[in-house]
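Quick notes on the structure that follows.
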Amino acid sequence: MRSPRRCSRNGCPRQAVATLTYVYNESTAVVGPLAAFAEPHTYDLCEQHARSLTAPRGWEVVRHEGEFDPPPPTTDDLVALAEAVREAARPAPPRPADPEDIGLDVNASTGRRGHLRVIPPTP
């Protein structure tokens, strides 16, 4: 199943709710609602990092006013969820028969111990 977009900050495991974009020619950092798609040159941020972001000296930060809502599930998320449920509902493949289960004495000629076998030397 596809995981939701995560915060771009190193070591942050939280879900992204905002997107950071830079406008270099205006020395401006813009923090707004999460973009529909992850794009190059933008950074996804969790709410804590979106609210605490600072910019270099001489730069202005334009920040979205209001709450950052987590993104709604997409159809891709719903399809992935349905596939995961189908996969979990599939029966497990049958196990190969163990000689001990059908009554064979495996230790008589091969000297079996666990998953290893001792093969007797050929005369």
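On a predicted model such as this, the values are computed, not experimentally measured, just so you know.
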Do you know which two heavy atoms are closest between V61 and A55, and how far apart they sit?
CG2-CB, 3.4 Å
Are side-chain heavy atoms of T21 and H41 found at a separation under 4.5 Å?
no
Which atom pair, heavy atoms only, marks the closest approach of A16 to L34?
O-CD2, 3.6 Å
How about CG on N10, more than 12 heavy atoms from neighbouring residues, nucleotides or ligands closer than 6.0 Å, or not?
no
What are the two closest non-hydrogen atoms of D44 and A38, and how far apart are they?
OD2-CB, 4.4 Å
For a quick test of reading the model, state the closest non-hydrogen atom pair linking A35 to T19 and the distance between them.
N-OG1, 2.8 Å
Taken to the nearest 0.5 Å, the spacing of C46 SG from R51 CZ works out to 11.0 Å
ring-ring contact (aromatic ring centres under 6.0 Å, His included) with Y24: which residues, sequence neighbours excluded?
Y22, W59
Check whether any side-chain heavy atom of R14 lies under 4.5 Å from a side-chain heavy atom of R9, and answer yes or no.
no
Under a 3.5 Å cutoff, is there a donor and acceptor pairing between the side chains of Q15 and R6?
no
Do V62 and V23 share a hydrophobic cluster, counting only Ile, Leu, Val, Met, Phe, Trp and Tyr and linking them when any side-chain heavy atoms are less than 4.5 Å apart?
yes
Treat each ILVMFWY residue as a node, draw an edge where side-chain heavy atoms are under 4.5 Å apart, and state whether L53 and Y43 are in one component.
yes
Where is the tightest heavy-atom contact between C12 and C7, given as atom of each residue plus distance?
SG-CB, 3.6 Å
